[in-house]
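Computed from heavy atoms alone, side chains included, the values below leave out hydrogens, waters and symmetry copies.
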Amino acid sequence: MSFFISKILLATLLIVSISFNIVSVRAQTFQGFANGWKKTDTYFQNTLKENQIVGGALLFLEKGEVKGSRYYGMADISQQRAVDENTIFHWASITKTFTAIAIMQLRDRGLLTLDDPVTKYLPELRKVHNPYGSTDDITIKTVLSHSAGFRDPSWPWGGNQDWHPFEPTEWSQIVAMLPYTEILFEPGSKFSYSNPAIIFLGRIIEMLSGDDYEVYIDKNILKPLEMYSSYYDITPYHLLKFRANNYTIRDGEPQPNGLDFDTGITTSNGGLNAPLKDMIKYLNFLTGQPESYEILKRSSLEELWEEQLPISESNGITSSVALSFFPEAFDGMQVVGHTGTQKSFYSFFYLHPPSQTACIAITNTNSEGEMPNPDQIRLDMSHFVFGHLFTLYK
């Protein structure tokens with residue numbers, strides 16, 4: 001009998017020891033995050049203050065919960081509206097990740113394959129000059145990975161007059177430019193960011209679904225995720241009270257650029273507007289909190305994160321391109337995300353799928369040469385987050 005009692009006691013002690021160790025690790029992680037967040041929050045606020053940035057936000061999530069948040073400054077100076085979770089920002093090229101998810105939805109429904117030539121759906125692209133072969137050889141997957149050889153800007157000429165549209169407004173305008181467009185390198189050979197490439201994907205989504213791009217995304221991503229305050233382009237009247245303005249520093253003073261602008265035919269490329277509370281829902285979907293297979297099965301989502309081509313290596317961080325997402329490797333870890341830049345909005349999000357953590361940040365100010373490059377500010381901020389928050393979850 002004493003033998004069995006001894007085994008029970010040993011088992012009990014082992015369970016208590018394991019439980020204690022788990023609690024101890026959790027306590028250390030919690031303390032580590034508290035210290036890391038304090039440093040990151042201070043860095044964020046100081047950076048925005050030093051660079052005269054009017055407003056912004058920074059959030060870090062773990063397993064569906066907001067672990068740290070900072071809402072800074074003003075969404076609109078004239079209306080004295082402070083930034084908060086309801087503030088609607090413009091997310092620019094982060095829109096591209098929604099486009100990629102939509103393409104995978106159509107793939108999983110059997111309406112296309114990633115190896116399909118884009119000309120199967122957009123025969124107009126045969127008008128593009130391709131010195132490296134046939135345009136029919138350019139696949140949807142190559143377009144998704146920004147390696148098809150298309151140029152970067154959607155507007156290659158002019159657009160600097162007040163009466164010019166902000167972006168091309170109709171597909172016919174894109175088609176009219178195709179005979180004056182060329183493939184700049186052998187498709188699939190290297191990475192080169194391209195806005196027109198994603199416009200082509202948006203057009204394919206419209207053709208196969210029968211919906212306008214923004215209608216398709218609303219019905220198949222935004223509504224299922226309950227992102228009810230998210231929309232494309234011009235703000236609905238009932239949400240104007242939440243819309244963030246964006247500013248340019250001129251002669252030392254922030255000048256507003258206006259609440260709304262129309263991204264036209266480039267909507268699939270950069271037209272999303274959403275509050276932080278909705279973007280949290282999007283990040284939770286990406287990190288699997290909760291699992292949302294009715295939107296996109298996990299294996300298809302992870303397929304979008306698979307590295308396709310290297311981009312660069314600097315300061316211990318290796319960047320690469322996946323399928324409209326961008327993996328960043330550092331200190332034995334890899335996160336994946338995207339940035340956004342349009343008007344005076346600068347944003348990024350990154351997630352670390354193994355730990356189900358994510359970070360998102362945005363600001364609403366740039367300058368006419370009177371402050372550091374906003375792109376550099378954003379890059380430095382993301383790297384600070386990598387080193388002080390994500391590394392806690394190695």
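- You'll find the side chain of I140 reaches within 4.5 Å of the side chain of L112, heavy atoms only.
- L239 and L272 fall into different hydrophobic clusters, defined by Ile, Leu, Val, Met, Phe, Trp and Tyr side-chain heavy atoms under 4.5 Å apart, directly or through other members.
- With D76 contributing its side chain and S78 its backbone, the two residues share a donor-acceptor pair below 3.5 Å.
- When side chains are defined from C-beta on, R243 counts as touching D260, because their heavy atoms get closer than 4.5 Å.
- Hydrophobic clustering (ILVMFWY, side-chain heavy atoms < 4.5 Å, transitive): Y193 and F325 are in distinct clusters.
- Side-chain rings of Y350 and F326 stay apart, their centers remaining 6.0 Å or farther from each other.
- Taking the six-membered ring for Trp and the full ring otherwise, the centers of Y232 and Y213 sit less than 6.0 Å from each other.
- Around OH of Y180, the count of heavy atoms belonging to other residues, nucleotides or ligands within 6.0 Å does not exceed 12.
- Exactly one residue among T42, D41, T47 makes a side chain to side chain donor-acceptor pair (under 3.5 Å) with Q45. That residue is D41.
- Here the closest non-hydrogen pair linking S154 and E167 is OG-OE1, 2.6 Å.
- Residues F348 and I362 are not in side-chain contact: their nearest non-hydrogen atoms beyond the backbone lie 4.5 Å or more apart.
- In the displayed structure, E65 atom CD is contacted under 6.0 Å by at most 12 heavy atoms of other residues, nucleotides or ligands.
- There is no path of hydrophobic side-chain contacts, each under 4.5 Å, that joins V54 to I377.
- A cation-pi arrangement, defined by a distance under 6.0 Å to the six-membered ring centre and an angle within 45 degrees of its axis, is present between K67 and F33.
- Summarising the geometry of N195 relative to S93, their closest heavy-atom pair is OD1-OG, 4.2 Å, with the distance given to 0.1 Å.
- Although no hydrogens or angles enter the test, the distance criterion places no donor-acceptor pair under 3.5 Å between the side chain of D262 and the main chain of I234.
- The nearest pair of heavy atoms linking G55 to V83 is CA-CG2, 4.1 Å.
- Of the possible donor and acceptor atoms, one in the side chain of N220 sits under 3.5 Å from a partner among the backbone N and O of Y216.
- Ring centroids of F44 and F384 are separated by 6.0 Å or more, keeping the two rings apart.
- Rounding to the nearest 0.5 Å gives a distance of 11.5 Å between OG1 of T365 and CE of M74.
- Checking D233 against T263 by side-chain atom types alone, a donor-acceptor pair falls below 3.5 Å.
- A donor atom on one side chain and an acceptor atom on the other are found under 3.5 Å apart for T181 and R151.
- Of all heavy-atom pairs spanning Q342 and A92, the tightest one is CB-CB, 3.6 Å.
- In terms of heavy atoms, S229 sits closest to K277 at OG-CE, 4.1 Å.
- Taking 4.5 Å as the limit, every side-chain heavy atom of S194 sits out of range of all side-chain heavy atoms of D152.
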### Task
Decide side chain to side chain contact (heavy atoms under 4.5 Å, CB included) for D108 and K297; before the verdict, give the C-alpha distance in whole Å, the side-chain angles of both, and the deciding distance to 0.1 Å.
CA-CA 9 Å; D108 287 355; K297 61 184 180 182; 3.7 Å; yes
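- Residue N86 comes nearest to P275 through the heavy atom pair O-CB, 3.6 Å, listed as atom of the first residue, atom of the second, then distance.
- Interatomic distance, L304 CG to M104 CE, rounded to the nearest 0.5 Å: 4.5 Å.
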### Task
Begin with the C-alpha distance, continue with both residues' side-chain angles, and end with the deciding distance and a verdict on side chain to side chain contact (heavy atoms under 4.5 Å, CB included) for Y282 and L222.
CA-CA 8 Å; Y282 182 54; L222 301 184; over 6 Å; no
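- At least one side-chain heavy atom of D375 sits under 4.5 Å from a side-chain heavy atom of Y346.
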